[in-house]
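Throughout, protein chains are lettered first and strands after them, A, B, ... in sequence-line order, and every chain is numbered starting at 1. The basis for the numbers below is simple: all heavy atoms, side chains too, and nothing from hydrogens, waters or symmetry mates.
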Number of protein chains: 2
Amino acid sequence: MVRKTKEDAELTRKRIINAAREVFLTRGVSRSTLEHIATQAEVTRGAVYWHFKNKTEIFHAIREQVLLPLIDRMDDSLTLEGNEDPLTQIEYSLCQTIDDLNENIEMRQTYEIMMIKCEYVDEFSAVLQQILDNCSSITGKIKLAYERAQTQNLLAGSHTPLELALDTHLFFSGLLHMWVKDSDGIRFRYQAKDLIKSHINLRRKQ
Amino acid sequence: MVRKTKEDAELTRKRIINAAREVFLTRGVSRSTLEHIATQAEVTRGAVYWHFKNKTEIFHAIREQVLLPLIDRMDDSLTLEGNEDPLTQIEYSLCQTIDDLNENIEMRQTYEIMMIKCEYVDEFSAVLQQILDNCSSITGKIKLAYERAQTQNLLAGSHTPLELALDTHLFFSGLLHMWVKDSDGIRFRYQAKDLIKSHINLRRKQ
DNA sequence: TTATATACAAACAAGAATGTATGTATATAA
DNA sequence: TTATATACATACATTCTTGTTTGTATATAA
């Protein structure tokens, strides 16, 4: 039977997005067909084509649903002058992301899709540039925090905030990739936050 | 015309592997058809099916061609007692990998395929476990080097070799991912070795 | 109250990709 | 010298997907 009100239609749209996330996760983006997604969403391909032009548009919808909130949160926890010292602020910010991954299924699934269930070619290759831009932005935020740490004489050694920020960002990128791949949780998921703490302590003057 | 000798056949096999690497790189693994690969290799699908059971087998052939030599080299440069101090040994070992990526087209292409042109589902998901195992192995090697560094009192701070090794490995994982994504070279490729040097200096007692 | 746009479902047509089966020329072993 | 296995090329049948088109029930605006 046909959905009726605008609210119903919006609900259908969300069902399709959620269904697509599940299907992408288990079958990979390429092997997922609109029929798979429709079935999972308990609608027909007609509904899918009504709400989205094609699979790529669904993909982007999934990305936006999760990534936009994340960037905001990351921004806040790093930029806002908190009552914590800057190094602890960085530590908490990274740990917060790990907590998010653990608690938020949609975010976890989306990260997994973006990292190991998607091929960045053709329509998707533009996403790579977005990712790089995003990284620059995050590194910039971390750098600001390290600058404050430097001003407050919290840092061990004589490394520039930029060096430290790049190193931290690369560490965290690696950690996220491993976190996602380590679906058993044995190698990285359980100790992710310890690794972060340890990473930050490396820079802390004792 | 039909290839004749065994040497010719082996040559055809290699042509197919090389062709597949190129095709995978530009079209992604999923969207690459055996017809694409055959055309690129200037043979027909008949030849491809003669040498390989299917696309997955070609994928694994590409992986083995590059990854096996790499592991050996990484092993050597980290395990062998060189005349360098252990920290420099780690640094050189990581830099060596970057040099390899810059110089060896096949390795560069293969890394790019494995990281951003492949979906790890179904037949490919087993590769994830291999990657994790590989990472454990590399982390173990790095840890040994850090242990020697500790014995020689080269380390700043009071961090365990395991902590340091995990941190270094995650840093390097992140770096490789960024290196691959940064096809312009602007953000990471040009300064990759500086980042490594900086990372190692962070641990060095001055 | 009626016309129209909305929100889908269902049917259709076309192309693409895969695996297999068959054909064949040549090297090689007997 | 001949039989056979090798190393492919070619042809075929089948399945999957996709995009589009058509149909239709219902909400909503006029």
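- A donor atom on one side chain and an acceptor atom on the other are not found under 3.5 Å apart for A:N18 and A:E22.
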Next item on the list: Could you summarise the pairing of DNA chain C as dot-bracket text, marking Watson-Crick and G-U pairs under 3.5 Å with ( ) or [ ] inside the strand and | across strands?
Entry: ||||||||||||||||||||||||||||||
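- As a whole-Å value, the separation of B:F52 CZ from C:dG19 C1' is 17 Å.
- Atoms CD1 (A:I58) and P (D:dT17) sit 15 Å apart, rounded to a whole Å.
- Between A:N54 and B:E42, the residue whose closest nucleotide on DNA chain D is further toward the 5' end is B:E42.
- The separation between A:I37 atom CD1 and D:dC16 atom P is 17 Å, rounded to whole Å.
- Nearest heavy-atom pair, A:P86 versus A:A145, reported as atom, atom and distance to 0.1 Å: CB-O, 3.3 Å.
- In this structure, the CD atom of A:E123 is 12 Å from the P atom of D:dT18, given to the nearest Å.
- Ionic pairing of B:R27 and B:E35 is not present here: no N-O contact between side-chain nitrogen and carboxylate oxygen is shorter than 4.0 angstrom.
- Ring-plane geometry between B:F188 and A:H169 is classed as parallel, the angle between the planes falling under 30 degrees on a 0 to 90 degree scale with a further cut at 60.
- In this structure, the CZ atom of A:R13 is 12 Å from the P atom of C:dA7, given to the nearest Å.
- For residues 24-36 of chain A, proximity to DNA chain D is found at A:T33, A:L34, defined as any non-hydrogen atom under 4.0 angstrom from a strand atom.
- For A:K55, the NZ atom sits in a packed shell: over 12 heavy atoms of surrounding residues, nucleotides or ligands are nearer than 6.0 Å.
- We find that NZ of B:K53 is positioned 15 Å from P of C:dT18, with the value rounded to whole Å.
- A side-chain donor from one of B:D100 and B:Q96 sits under 3.5 Å from a side-chain acceptor of the other.
- Side-chain atoms of B:A9 lie closest to D:dA7 of the nucleotides D:dA7, C:dT18, C:dC8.
- Relative orientation of the B:F171 and B:H199 rings is parallel, given thresholds of 30° and 60° on the angle between their planes.
- With rounding to whole Å, B:E10 atom CD is found 10 Å from D:dA7 atom P.
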Checklist line | From CA spacing to verdict: salt bridge (Lys or Arg N to Asp or Glu O under 4.0 Å), B:K143, B:E147 | finding: CA-CA 6 Å; B:K143 184 186 156 208; B:E147 278 168 358; 3.8 Å; yes
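- A:T33 and A:H36 share a donor-acceptor pair across their side chains, judged by distance under 3.5 Å alone.
- Here A:H51 reaches the OP1 or OP2 of C:dC8: one of its side-chain N or O atoms lies under 4.0 Å away.
- OP1 and OP2 of C:dC8 both lie 4.0 Å or more from every side-chain N or O belonging to A:W50.
- You'll find that the side chain of A:Y49 is closest to D:dT18, out of C:dA9, D:dT10, D:dT18.
- Distances shown here put a side-chain N or O of B:T12 below 4.0 Å from the OP1 or OP2 atom of D:dC8.
- If you take CZ of B:R45 and C1' of D:dA7, they are 16 Å apart, rounded to a whole angstrom.
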